[in-house]
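Quick caveat: nothing in here was measured; it's all calculated off a predicted structure.
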Amino acid sequence: MIFDLRGVCIAAGSLFFCAAIPAADEAPGEVTFVQWNLKNYLHTVAAPANPLPGAAKPKPAGEVAGVTRILGTLRPDVLGVCEMGGPDDLAGLQKRLKEAGVDLPHSELVQAADNERRLGLLSRYPISARQSQAKLSYLLDESKLPVQRGILDVTLQITETYRLRCIGVHFKSRLEVPEGNEALMRRNEAHLLRTHVDALLTESPETNLLVFGDLNDTRNTPAVRAIPGIRGGASYLTALTPADARGEKWTYYYKEDDTYSRIDYLFASKGLLPELDPKTCLIYSGKDWLSASDHRAISVVIQPVDRARRPRKSAAPSEEESGE
């Protein structure tokens, strides 16, 4: 492949280097984005010598193999993940995927207040800007609480002329904690995400923005409803409606209650929406999904050419338009 080195300069510590991007005549015809909660993808390279009391156990080897196998089937160009472990875990997944024929050399890992579970991203394309937030906090009942996983935020240089900004979140779980009401914690995290999105889209409303993540809430809860913003506004986000081969839309299986629910989401900005085909927004349907995680992966295909906004009837439907 011929590369044009004019496009991207990235800061890494005190060093600056130019990352190669595909030349204009080799621009990708489409970009497959996959998001997935990997269910405690921890200690996959080496178990801790002296684990702390209550620390999460290493992810079983069979589940690690399941993650690799399913991603080898989905073949993402960009992969956004929740419940990633440390740098060694992310690098280990990167290596396994490359051996499976999925080369994603560029990465981002957010280390926030949660010392075990992190947000991560792997990409075929260079990262031209990193805007992740790891030290966010909010007030709840006069207590200052940290956002456990922060906000992952990177800009990818897909071609010389096309950039994709990816924002990832993983909200507070539904488990009760002494610090405060877990639903209110998610509402505060949603407010911080909405504030972050408002700031960037107010400044650059044409941004091709894809927001992904595990929100740990269903679609009609206050936390999820707060994320799209004001309908018709410049910073409005459209919630995509992925489905599996049977038309089912659940993404998570909670074994203790034997329940299936949708708590994983994708949202697209007005700038990105015309480049998405709703028919490509899919939930993984393979029978082996539970061998890897208690969540199912979601994928969507992006056409990396900026387009004028299409009429609403041909754009990816919102929750309200889809009648879900």
request  = Could you tell me whether Asp103 and Arg124 have a side-chain N and a carboxylate O separated by less than 4.0 Å?
outcome  = no
request  = Could you walk me through whether Arg69 and Ser291 pass side chain to side chain donor-acceptor pair (under 3.5 Å), step by step?
outcome  = CA-CA 10 Å; Arg69 181 178 63 253; Ser291 68; 2.9 Å; yes
message = My understanding is that only residues two or more places apart in sequence, or in another chain, count here; which of them pass side-chain hydrogen bond (donor to acceptor under 3.5 Å, both in side chains) with Asn40?
response = Arg117
Let me have the donor-acceptor pairs involving side chains of residues 134-152, under 3.5 Å, with sequence neighbours excluded, atom names and distances please.
| from | atom 1 | to | atom 2 | distance (Å) |
| --- | --- | --- | --- | --- |
| Arg149 | NE | Asp114 | OD2 | 3.4 |
| Arg149 | NH1 | Phe171 | O | 3.1 |

message = If the condition is ring pair (Phe, Tyr, Trp, His ring centres under 6.0 Å), which residues does Trp289 pass it with, not counting sequence neighbours?
response = Trp250
key: Non-neighbouring partners of Asn216 that pass side-chain hydrogen bond (donor to acceptor under 3.5 Å, both in side chains), sequence neighbours left out   = none
request  = State, without any angle test, whether Asp257 and Tyr253 hold a side-chain donor-acceptor pair at a distance under 3.5 Å.
outcome  = no
request  = Could you check Ile227 against Tyr265 for side chain to side chain contact (heavy atoms under 4.5 Å, CB included), going step by step and ending with a plain yes or no?
outcome  = CA-CA 11 Å; Ile227 292 173; Tyr265 298 85; over 6 Å; no
message = With clusters defined by side-chain heavy atoms of hydrophobic residues (ILVMFWY) lying less than 4.5 Å apart, directly or transitively, does Leu119 cluster with Leu122?
response = no
message = Would Leu215 and Val224 count as a side chain to side chain contact (heavy atoms under 4.5 Å, CB included) here? Give the steps.
response = CA-CA 7 Å; Leu215 305 186; Val224 177; 3.9 Å; yes
query = Should Glu108 and Arg130 count as an ion pair when the cut-off is N to O under 4.0 Å?
reply = yes
task = Ignoring hydrogens and angles, state whether a donor on the side chain of Asp89 or His43 is under 3.5 Å from an acceptor on the partner side chain.
result = no
key: Given Ile167, Thr238, Leu237, the one that forms side-chain contact (heavy atoms from CB on, under 4.5 Å) with Ser269   = Leu237
ask   = What closest approach, in Å, do Arg75 and Thr32 show between heavy atoms, and which atom pair accounts for it?
value = O-CB, 4.1 Å
note = By side-chain hydrogen bond (donor to acceptor under 3.5 Å, both in side chains), Lys59 pairs with (sequence neighbours left out) Glu63
task = Assess whether side chain to side chain contact (heavy atoms under 4.5 Å, CB included) is satisfied between Leu93 and Leu79, documenting all intermediate values.
result = CA-CA 11 Å; Leu93 176 59; Leu79 171 66; 4.2 Å; yes
query = CZ of Arg187: more than 12 outside heavy atoms within 6.0 angstrom?
reply = no
ask   = Should the heavy atoms of other residues, nucleotides or ligands under 6.0 Å from NE2 of His196 be counted, would the total exceed 12?
value = yes
inquiry  = Please check this pair: side chain of Thr207 against backbone of Ser204, looking for a donor-acceptor N/O pair closer than 3.5 Å.
reply    = yes
Thr44 side chain vs Tyr41 backbone, donor-acceptor pair below 3.5 Å = no
task = Kindly indicate, with the supporting measurements, whether the criterion side chain to side chain donor-acceptor pair (under 3.5 Å) is fulfilled by Gln157 and Tyr162.
result = CA-CA 6 Å; Gln157 192 76 38; Tyr162 192 91; over 6 Å; no
message = Test of understanding: with salt bridge (Lys or Arg N to Asp or Glu O under 4.0 Å), list the residues that count as partners of Asp264, not counting sequence neighbours.
response = none
request  = Could you tell me whether the side chain of Thr68 and the main chain of Val64 form a donor-acceptor pair under 3.5 Å?
outcome  = yes
request  = Please check if Tyr284 and Leu240 belong to a single hydrophobic cluster, counting links between Ile, Leu, Val, Met, Phe, Trp and Tyr side chain heavy atoms closer than 4.5 Å.
outcome  = no
request  = Check the pair Asp277 / Lys279 against salt bridge (charged side-chain N to carboxylate O under 4.0 Å, His left out), numbers first and verdict last.
outcome  = CA-CA 5 Å; Asp277 181 350; Lys279 295 179 181 179; 5.9 Å; no
key: Phe33-Phe212 aromatic ring centre distance below 6.0 Å   = yes
task = Write down the atom of Pro274, the atom of Arg307, and the distance for their closest heavy-atom approach.
result = O-NH1, 3.6 Å
message = If you compare all heavy atoms of Ser293 against all heavy atoms of Leu38, which two are closest, and at what distance to 0.1 Å?
response = OG-C, 3.8 Å
key: Electrostatic pair Arg296-Asp244, nearest N-O below 4.0 angstrom   = yes
key: Residues Asp198 and Ser235: side-chain donor-acceptor under 3.5 angstrom   = yes
message = Quick check: closest heavy atoms across Val67 and Ala292, and the distance to 0.1 Å?
response = N-CB, 3.5 Å
task = Decide side chain to side chain contact (heavy atoms under 4.5 Å, CB included) for His295 and Ile263; before the verdict, give the C-alpha distance in whole Å, the side-chain angles of both, and the deciding distance to 0.1 Å.
result = CA-CA 9 Å; His295 292 248; Ile263 62 174; 3.7 Å; yes
